[in-house]
Amino acid sequence: MSIQMVLLPVFVQVGLTFALLIGVVFRRRKASVSGEARSPDIALGEFELPVLFYALIALALPLRHADLFIVLMSWVFVVTRFAHAGIFASSDKPGPRSTVWLAGVLVLLAMWIYFALKMLLLI
């Protein structure tokens, strides 16, 4: 795999994270100023999954374990994050948003398990 192919989904995810963070900041600030939401209601600590994704890629790439499986699953993970962001930004219905979030968690978990097995068992 080329470095560009491996890093492209990371760059896309970084862009989504920043876009979502900035959008949420403006949306929640507007809600706070208008009185629709109180300060405790506008926490911004919902970005744990992308950090785990970045860490995995940051480890897999220099260790030369970013193979086709990691690249494909990276794209699946990024698609689940886009779907999650789309639901969050539009209707923010907890049911569908939770389902998509869980799908992303499971994909990322599979990636970490695969990577760990490759590293520990040298397969």
Side-chain angles (χ1 to χ4, degrees):
M1 292 272 107
S2 72
I3 291 173
Q4 294 85 355
M5 286 181 63
V6 173
L7 289 178
L8 186 58
V10 176
F11 294 147
V12 171
Q13 179 62 39
V14 168
L16 173 62
T17 300
F18 278 108
L20 186 58
L21 179 60
I22 291 166
V24 168
V25 167
F26 284 112
R27 188 171 135 195
R28 290 184 177 179
R29 184 177 184 281
K30 181 181 174 186
S32 178
V33 169
S34 70
E36 294 175 31
R38 301 174 300 121
S39 290
D41 297 333
I42 59 173
L44 295 172
E46 300 297 326
F47 295 95
E48 300 86 5
L49 288 183
V51 172
L52 292 173
F53 174 70
Y54 306 142
L56 176 65
I57 298 304
L59 291 170
L61 192 60
L63 295 171
R64 300 188 183 272
H65 285 281
D67 59 9
L68 182 60
F69 178 81
I70 293 291
V71 172
L72 292 176
M73 295 301 280
S74 293
W75 278 112
V76 173
F77 176 73
V78 169
V79 167
T80 67
R81 298 306 297 163
F82 265 92
H84 185 267
I87 295 166
F88 177 76
S90 59
S91 65
D92 199 22
K93 293 182 180 175
R97 187 167 52 106
S98 296
T99 301
V100 171
W101 178 83
L102 181 59
V105 169
L106 295 175
V107 167
L108 192 56
L109 177 62
M111 290 172 67
W112 273 103
I113 290 170
Y114 175 80
F115 178 68
L117 289 173
K118 282 190 74 163
M119 291 304 297
L120 296 174
L121 303 176
L122 300 173
I123 57 173

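In this text, all values refer to a predicted model and were calculated from it rather than measured experimentally.
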Output the distance between atom [atom1] ([X]) and atom [atom2] ([Y]), rounded to the nearest 0.5 Å.
X     : Y      : atom1 : atom2 : result
Leu59 : Trp112 : CG    : CH2   : 5.0 Å
Met73 : Leu109 : CE    : CG    : 9.5 Å
Ser74 : Met5   : OG    : CE    : 11.0 Å
Leu49 : Phe77  : CG    : CZ    : 5.0 Å
Leu63 : Phe115 : CG    : CZ    : 5.0 Å
Ile57 : Phe11  : CD1   : CZ    : 11.0 Å

Self-check item: Identified side chain to side chain contact (heavy atoms under 4.5 Å, CB included) partner of Phe53 from the options Val78, Val14, Thr17
Solution: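 Going through Val78, Val14, Thr17 one by one, the side chain to side chain contact (heavy atoms under 4.5 Å, CB included) with Phe53 is satisfied by Val78 alone.
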Self-check item: Candidates Val10, Leu56, Val6, Ile70 - the one meeting side chain to side chain contact (heavy atoms under 4.5 Å, CB included) with Leu61
Solution: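 Testing each of Val10, Leu56, Val6, Ile70 against Leu61, the sole residue satisfying side chain to side chain contact (heavy atoms under 4.5 Å, CB included) is Val6.
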Give the cluster check for [X] versus [Y]: same hydrophobic cluster or not, with ILVMFWY residues linked at side-chain heavy-atom distances below 4.5 Å.
X     : Y      : value
Trp75 : Leu68  : yes
Leu72 : Leu52  : yes
Val76 : Val79  : no
Phe18 : Phe26  : no
Val12 : Val107 : yes

Exercise. Hey, can you tell me if Tyr114 and Phe69 have their rings parallel, tilted or perpendicular (30° and 60° cut-offs)?
Key: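 Plane angle between 30° and 60°, so tilted.
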Self-check item: Donor-acceptor pair, side chain of Tyr54 and main chain of Gln13, under 3.5 angstrom
Solution: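 Yes; at least one donor-acceptor contact below 3.5 Å.
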Practice problem: For the pair Ile113 and Leu117, evaluate side chain to side chain contact (heavy atoms under 4.5 Å, CB included) and give the outcome as yes or no after the intermediate values. | Solution: CA-CA 6 Å; Ile113 290 170; Leu117 289 173; 3.9 Å; yes
Quiz prompt | Heavy-atom pair with the smallest gap, counting every atom of Lys118 and Asp67 | solution =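 Scanning both residues completely, I find the closest heavy atoms to be NZ-OD2, 2.8 Å.
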Quiz item: If you draw the axis of the six-membered ring of Phe88, does the NZ or CZ of Arg27 fall within 45° of it and under 6.0 Å from the ring centre?
Solution: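 Arg27 over Phe88 ring: yes.
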